Every structure is written in C-alpha cells, then in structure tokens.
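What follows is one structure encoded as structure tokens, with my remarks underneath.
As the structure is a computational prediction, the values presented were derived from the model and not from experiment. Reminder, nothing fancy here: chain letters follow the sequence lines and each chain counts from 1. Just so it is clear, the values below take in all heavy atoms, side chains as well, and ignore hydrogens, waters and symmetry mates.
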Number of protein chains: 2
Amino acid sequence: MTPVVGRGAGSPAPRSADVARVAGVSRKTVSRVLNNEPYVSDEVRRRVLEAAGELGYRLNHAARALASGRNRSIGVVALGTAGYGTASLLVGIERAVRDAGYALRVVNTADGDPEGIAGAVMSLLEQGVDGVVVSEPIVEGEVSVRVDVPVLFLGAPPAFASARTLTVGVGAYALARAATDHLLDLGHTTVHHLAGPRQWYASKDRIEGWRAALAARGAHEPPLVEGDWSPASGYAAGRELASDSSVTAVFAAGDEMAIGLIHALREAGRRVPEDISVVGFDGNPVFAYVTPPLTTVRQPFDAAAQQGIRLLVHAIEEPETDLPPASEPPVELVVRGSTAPPPSRQGQTARPTT
Amino acid sequence: MTPVVGRGAGSPAPRSADVARVAGVSRKTVSRVLNNEPYVSDEVRRRVLEAAGELGYRLNHAARALASGRNRSIGVVALGTAGYGTASLLVGIERAVRDAGYALRVVNTADGDPEGIAGAVMSLLEQGVDGVVVSEPIVEGEVSVRVDVPVLFLGAPPAFASARTLTVGVGAYALARAATDHLLDLGHTTVHHLAGPRQWYASKDRIEGWRAALAARGAHEPPLVEGDWSPASGYAAGRELASDSSVTAVFAAGDEMAIGLIHALREAGRRVPEDISVVGFDGNPVFAYVTPPLTTVRQPFDAAAQQGIRLLVHAIEEPETDLPPASEPPVELVVRGSTAPPPSRQGQTARPTT
DNA sequence: TTGAAAGCGCTAACAC
DNA sequence: GTGTTAGCGCTTTCAA
C-alpha cells in the first residue's frame with residue numbers, strides 16, 4: 001500500500017480557522033490566500049499554504065458558496081443517450097468548464113421532453129449553479145422556467161426565457177450544405193435526405209442546409225425520409241429507398257443512420273458507392289474502418305464547447321461587457337469511400353463547384 | 001413566448017423565512033416539511049407547500065449542505081474520452097444517481113494518469129460530495145489520497161485507500177471467457193487476443209478471461225497483441241495478424257478495435273469470418289449493421305451502474321449495516337456474422353461445449 | 001406537534 | 001498588508 005496523505009477518519013476536518021492559527025494569521029488572510037487575492041505578502045502566503053498542506057486542509061465549497069453567493073459551478077442538461085455526438089460534446093464541455101475553474105453538475109433528460117428540460121434546469125438552479133448549458137440535442141417545445149443565471153444553448157436556438165441567453169452553433173447548417181454540395185459536385189442530379197426526428201433542432205438545421213444546397217443548384221427536392229438517429233431507423237429507411245431506382249445519393253443526418261442505411265442498400269443489391277452514394281454526419285473515426293469507409297462531415301464538438309463555455313463564463317463573471325459574437329468553426333468534409341459519381345457518369349470527372 | 005413561472009430578476013430570491021412568514025409558521029417547520037420529516041400536521045404541511053409555490057421558493061443547497069454536513073451529491077471520476085462504453089456507463093450512473101435523489105458532479109481525468117485521478121478525487125471532495133464513483137477505465141498505479149467518504153470502484157479493483165470501499169464489476173472476466181469459448185466452440189484450435197493498453201484494469205480482466213478459457217481447453221496461448229482501444233490501433237494489429245497464416249480467430253477487447261482489425265484483415269485479402277473469425281467487446285448496436293456484422297459480448301453498463309450506485313448510497317446513508325455482495329449480471333454473447341468455424345472445419349458442425 | 005436560539009465554515013465590508 | 005465584525009440560508013439542538 002502507498003503512504004496516504006490526509007487525516008484519518010478520527011479527527012474532525014480542519015477549518016480555515018485552524019489554518020489561520022497554525023500560520024499565525026487571521027481567518028480573512030487565509031481566505032485571501034486561498035482565493036488568490038492581492039495584498040498578501042509572499043511570506044504570509046507561503047506560511048498559509050504550508051499550514052494548509054500540513055493540516056490536510058480542504059476548502060468547504062458549500063460554505064464559500066453560501067457566503068459569497070457564487071458557486072463556481074456550471075450545470076449542464078445533457079441528453080440521456082450514449083451516442084458519439086452527445087458524449088463528445090459532454091466531454092468537451094467538461095474540459096472547458098474545468099479549464100475555466102468551474103465545477104460541473106450534470107442532469108440528463110429522457111429523450112428530450114420539454115417537461116424534462118424544465119425539471120432538469122430547476123434542479124440545477126437549486127444546486128446553485130452560476131450558469132447553465134443546454135446541449136445541442138433539444139426538442140422544440142416551449143418551456144416555462146424563468147432563470148436568473150446566464151444560459152448557453154449549444155447548437156440550438158433558445159428554448160426558454162432567461163436573463164441572459166447565449167447561443168453557439170456547431171455550424172450544422174453549413175455542414176449539411178457542404179455534405180449536399182459534395183454529392184452534387186460529384187454529378188448527382190439530386191440528393192435525398194435521411195433526417196433526424198422532426199422535433200429536434202439538430203434535425204432542422206441539417207434539413208435547411210440540405211434544402212439550400214439543392215435550391216442553389218436548382219435541383220429537385222425529393223421527399224424527406226425521417227429516422228430517429230438509430231442505425232435501425234437508417235436501416236428501415238434504406239429498405240424503402242432501395243426500391244426507388246431514381247435514388248443515387250443520400251445525405252444522412254447522422255453517421256449511425258448512414259451505416260444502417262448502407263447496410264439495407266447493399267442487402268437489397270444496390271452497391272455503395274457505385275449505385276448509390278451516402279454521406280453521414282458527425283465524424284466518428286470508427287467509420288473510416290467499415291466497408292465502404294463512410295464519407296461524412298465532422299462536427300466541431302470541442303471547438304463549440306470551448307467557445308460556448310468561454311462565452312458563458314464571461315457572461316457570469318462580467319455581465320456588463322459584451323463579447324464579440326462567436327465565430328463559426330470551419331466546415332470539415334471528410335471524403336472517404338461511400339461517395340462517387342452517379343452510375344450515369346461513372347468514370348467521368350466530377351463537376352467542380354464554381 | 002410562454003408564460004413564465006418564477007420571480008423576475010428584480011426582487012431577491014425568497015428564503016425559507018419568507019415561506020414561514022407567508023404560511024404563518026416557524027422556519028423550522030418549513031424545514032421539516034421540505035425534508036419530509038414526521039411530526040407535521042397535514043394542514044400545516046399543505047400551507048407551507050402552498051406558500052412555497054406562491055413565492056417561487058427554491059431551496060438553497062449550499063446552505064443546507066453547510067448546516068447539515070450532507071450534500072446529497074455524488075461525484076464521478078470519468079474518463080476524458082468519448083467512447084461508447086464510457087458514455088454508456090456515465091449515462092447509467094447519472095440515471096441511478098438521480099433516481100436515488102442525489103446530484104451528480106463530474107470530473108474527467110485525462111487518459112487516466114494516477115495524478116489525474118488523485119486530483120479529480122480531491123476536487124470532488126472539496127465540492128463536498130457524499131460519495132465518489134471511480135468508473136471502470138482506470139489505470140494501474142497507486143494513488144495517495146485518503147478519502148473519508150465511501151468510494152465505489154466500477155469495474156476495477158480499489159486504486160486507493162478509503163474509509164469504505166465498494167467494488168462492482170461489469171463481469172468482464174466472464175464476458176471475455178464467453179467470447180473466447182464461443183470461438184473455441186466453433187472449432188478454432190486457439191484464439192488470439194487483441195488487448196487494450198496493458199496499464200488498464202479493463203484490459204487485465206479481459207486478458208485473464210481469455211487466458212482462462214484457453215487454459216480450460218488446453219489450447220496453446222499465442223502472444224498478446226496490444227492496442228489502445230482506437231480503431232486505428234485495431235487496424236495496425238490487423239496488418240500484423242494478417243501476415244500470420246496460423247491465425248484463425250481473434251478476440252478483440254473492444255468493438256472499435258475489432259472493426260479496425262477486420263478492415264485490415266480484409267484489405268490483406270483475408271476473409272472474415274471465412275478465413276478469420278473476430279469477436280468484439282462492448283455491444284454497440286451500430287456494429288450489427290456493418291459488413292460483416294460484428295459478433296460481440298454486451299457489457300451490462302446499466303445494470304452495473306444501478307447496482308453500484310445502490311451500494312454506494314447504502315454506504316452513505318447506513319454506514320453500519322452491510323448490504324449483500326453484488327450479484328454478477330448475466331453474460332450476454334451477441335452472435336452475429338463475424339464468427340464462423342475455422343477454414344479447416346468449414347461446413348462442419350461446431351463442437352458443442354460440455 | 002411546534003418554535004427559539006445557536007451555529008455550520010466561509011467571505012464581505014470596513015477598519016487598522 | 002492585515003484583522004475585525006457580521007452575516008449568507010439552512011438545520012440542529014432543546015424546550016415548550
């Protein structure tokens with residue numbers, strides 16, 4: 001066993017008064033040192049730190065929060081599913097929050113009912129968070145909570161009233177356009193879209209980007225197919241689409257749906273990408289290793305989380321001054337093996353964008 | 001816009017004293033009602049609840065924690081990666097913690113250095129959590145922190161000293177055995193193992209299960225190949241293994257590594273499962289839709305999280321009484337298309353287990 | 001069944 | 001630079 005640091009379970013936890021006594025200073029001075037406040041001599045600072053170390057002193061956040069009214073904690077309403085996207089975003093958020101010197105409280109909502117979001121926010125507020133993050137996957141639906149701390153909506157427009165509301169997108173619209181344009185550039189007459197559930201903001205952005213890309217080329221807009229993000233729903237959509245011989249290109253709103261889709265297509269005897277091209281959405285690296293490797297667009301989860309938290313912390317700490325509007329992260333198209341020119345133009349050169 | 005509930009930003013937040021005044025009772029009585037304590041008449045209880053509702057009162061957790069010494073919160077040390085496994089476990093933990101009426105604080109550690117774990121636990125302790133969960137993916141290495149709250153190790157043996165230590169496994173050993181046995185049952189002479197990083201407990205359990213299965217059949221134990229959980233590392237291992245014509249079966253310690261592995265194998269002209277069978281580990285449903293569909297074992301993330309949190313909460317709330325030891329969850333082998341009898345026995349019936 | 005007073009451990013405001 | 005005093009909003013005695 002390793003030598004352990006810290007007091008045994010017997011003696012009571014040391015308080016700041018104990019540190020003060022040992023260091024021969026007042027409680028306030030200890031507080032100053034612990035909070036990195038100015039106007040403390042280096043000598044005293046050193047003594048206090050040493051005393052704290054000796055005693056195994058640990059600051060009591062609850063007491064600090066009560067006295068100061070600030071918690072240095074941020075709450076996040078996440079989605080109760082374990083997808084690559086959600087998880088990546090959460091990891092990014094955690095990192096950014098930690099780097100900013102805040103603690104993270106997490107509450108999940110079941111597959112995004114508005115009730116759940118309201119309840120989740122309430123519970124976060126009770127916990128005294130200084131700010132709230134509502135992460136991308138959020139349903140449409142009005143929520144009746146009024147919160148008095150800043151709220152960051154990551155990847156979705158504000159869903160409820162708040163004193164200060166921030167929004168940071170992941171650039172889904174531009175990504176969807178890029179995905180669709182890629183297919184169009186390859187020479188496909190039009191592109192079908194396998195969308196996420198209608199109620200999700202995440203779906204809407206992608207639909208709009210797809211639609212805009214089509215419109216810009218004067219391409220016909222085929223009817224939308226709707227999935228629920230799961231590979232199974234992609235598979236179901238694929239069975240449907242496979243029977244329509246006019247389909248040569250599909251843009252799926254999620255990598256996993258794209259995988260299910262491709263599977264159904266191939267089962268039905270349609271080759272990918274020779275007969276039908278498929279583009280996914282997310283950028284999970286594992287799909288570079290399936291057959292065919294999936295062409296996709298990469299969502300800038302980390303960049304979005306970082307930027308969003310920076311804004312949120314700014315709103316918490318300096319409510320007065322404004323921060324410049326968030327810059328959209330670059331669009332990243334990852335071309336792999338699931339896309340090719342349509343059968344009619346096989347072997348020809350792709351038509352370049354203007 | 002929807003009608004909003006709650007006070008505006010103008011007036012100060014109501015305190016329990018305000019509720020007491022409106023309800024015409026003492027502060028202590030309000031406290032009793034809010035904590036569901038006995039000895040309050042139904043009439044008074046109703047009045048208090050009504051007053052709280054009217055005022056939009058929200059209990060202050062920091063004050064409660066300070067006064068009572070209990071936080072009703074649990075901290076989890078998670079891994080800073082966004083894999084399916086980690087994310088599933090975290091979601092399961094969140095749900096279980098929430099169901100138990102606790103709040104969740106999350107701290108990630110960078111790819112699992114002991115320093116990071118110690119720091120993460122410290123920061124959780126400062127936040128005043130009543131219990132800590134160190135989730136499965138944890139490195140070997142002694143950590144010198146002494147904590148005075150119960151600690152749950154999910155999927156790994158204790159990594160440091162604590163007043164009360166709990167351990168709940170995900171049954172990785174049994175799952176690894178089942179995966180290996182499945183391959184052996186199919187008639188393979190032996191099974192290669194693509195392991196996770198040596199320092200991870202998660203890797204060790206799987207290695208031991210694999211080893212035990214081999215030993216039980218008197219099968220030769222081929223040298224271990226080591227990856228880092230990533231599909232890229234699986235791919236690298238696959239290129240290596242493909243050149244060895246004696247390899248007919250591989251058990252990979254993670255689904256993603258298995259996918260990379262299969263890709264390399266097929267690129268090298270080895271068919272899966274005809275020439276080489278591959279079994280993964282985790283159970284991510286999306287891999288049912290790749291070619292070939294991946295045979296794998298499902299990790300019981302939810303069950304483990306639920307059971308673990310139940311134990312932890314018990315340890316927090318009733319330190320005296322013991323809970324019966326946790327029961328191992330059932331082993332679930334998901335047989336899909338990536339496994340078959342070895343080339344030499346193709347077309348024959350698989351040898352059944354005793 | 002209810003209430004009054006005394007803190008929980010820290011920071012804020014002001015003095016020195 | 002440093003110390004003093006007074007709470008933050010709740011729960012805990014203990015008394016009624």
Side-chain angles (χ1 to χ4, degrees), chain A residues 7 11-49 51-52 55-73 101 103 125-130 148 317, chain B residues 7 11-49 51-52 55-73 103 125-130 148:
Chain A
R7 69 218 136 58
S11 43
R15 301 160 305 154
S16 75
D18 298 319
V19 177
R21 196 170 19 70
V22 172
V25 298
S26 76
R27 258 157 70 218
K28 176 60 210 179
T29 298
V30 172
S31 165
R32 271 196 267 263
V33 171
L34 265 24
N35 289 289
N36 272 312
E37 282 171 32
Y39 304 120
V40 184
S41 69
D42 288 351
E43 159 59 10
V44 168
R45 186 179 298 276
R46 198 192 50 67
R47 265 191 0 242
V48 169
L49 258 17
L55 261 35
Y57 171 73
R58 243 154 23 205
L59 191 141
N60 181 327
H61 278 223
R64 180 222 281 268
L66 181 56
S68 69
R70 295 240 343 279
N71 248 298
R72 287 201 79 78
S73 84
L125 256 21
E126 272 195 1
Q127 291 180 56
V129 297
D130 303 311
D148 36 11
E317 298 181 351
Chain B
R7 68 217 135 63
S11 45
R15 302 161 304 155
S16 76
D18 299 319
V19 176
R21 198 172 17 72
V22 171
V25 298
S26 76
R27 261 156 69 220
K28 173 61 211 179
T29 299
V30 172
S31 165
R32 271 195 268 260
V33 171
L34 265 25
N35 289 290
N36 273 312
E37 282 171 31
Y39 304 120
V40 184
S41 69
D42 288 350
E43 159 60 8
V44 168
R45 186 178 297 274
R46 199 190 50 67
R47 266 190 3 240
V48 169
L49 258 16
L55 261 34
Y57 171 75
R58 243 158 18 210
L59 192 142
N60 182 327
H61 278 221
R64 182 220 282 267
L66 181 54
S68 68
R70 294 244 341 279
N71 249 299
R72 287 202 78 80
S73 83
L125 256 21
E126 272 194 358
Q127 291 179 55
V129 297
D130 303 311
D148 35 11

Choosing from [options], which nucleotide comes nearest the side chain of [X]?
| X | options | answer |
| --- | --- | --- |
| A:Ser41 | C:dG9, D:dT2, C:dG3 | D:dT2 |
| A:Ala63 | C:dA12, C:dC10, C:dC8 | C:dC10 |
| A:Arg27 | C:dT11, C:dG9, D:dT11 | C:dT11 |
| B:Val44 | D:dG3, C:dT11, C:dT2 | C:dT2 |
| A:Val40 | D:dT2, C:dG3, D:dG3 | D:dT2 |

With a 4.0 Å limit, can you tell me whether [X] has a side-chain N or O closer than that to the phosphate oxygens OP1/OP2 of [N]?
| X | N | value |
| --- | --- | --- |
| A:Ser16 | C:dC10 | yes |
| B:Tyr57 | D:dC10 | yes |
| A:Ser68 | C:dA12 | no |
| B:Thr29 | C:dG3 | yes |
| A:Asn35 | C:dT11 | yes |
| B:Ser31 | D:dT11 | yes |
| B:Arg15 | D:dG9 | yes |

Rounding to an integer number of Å, can you tell me how far [X] [atom1] sits from [N] [atom2]?
| X | N | atom1 | atom2 | value |
| --- | --- | --- | --- | --- |
| A:His61 | D:dC8 | NE2 | P | 22 Å |
| B:Arg21 | D:dC10 | CZ | C1' | 17 Å |
| B:Arg64 | D:dT11 | CZ | C1' | 9 Å |
| A:Lys28 | D:dG7 | NZ | C1' | 14 Å |
| A:Asn36 | C:dT11 | CG | P | 12 Å |
| A:Leu59 | C:dC8 | CG | P | 16 Å |
| B:Tyr39 | C:dG3 | OH | P | 17 Å |
| B:Leu66 | C:dG7 | CG | C1' | 9 Å |

Q. Sub-3.5 Å donor-acceptor pair from the side chain of B:Arg32 to the main-chain atoms of B:Glu37, do we have one?
A.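 No: the side chain of B:Arg32 does not pair with the backbone of B:Glu37.
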
Q. Any donor and acceptor pair, going by atom type alone, linking the side chain of A:Asp130 with main-chain N or O of A:Asn71 inside 3.5 Å?
A.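 Between the backbone of A:Asn71 and the side chain of A:Asp130 there is a qualifying donor-acceptor contact (under 3.5 Å).
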
Which pair of non-hydrogen atoms, one from [X] and one from [Y], has the smallest distance, and what is that distance?
| X | Y | result |
| --- | --- | --- |
| B:Leu49 | B:Leu34 | CD1-CD1, 4.5 Å |
| B:Leu66 | A:Ala63 | CD1-CB, 3.6 Å |
| B:Ala13 | B:Asp18 | O-OD2, 4.4 Å |

**Q.** Step-by-step side chain to side chain donor-acceptor pair (under 3.5 Å) determination, A:Glu126 to B:His61
**A.** CA-CA 6 Å; A:Glu126 272 195 1; B:His61 278 221; 3.2 Å; yes

Q. Within the modelled atom types, does a donor on one side and an acceptor on the other bring the side chain of B:Arg58 and the base of D:dG9 under 3.5 Å apart?
A.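 No, no donor-acceptor pair under 3.5 Å.
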
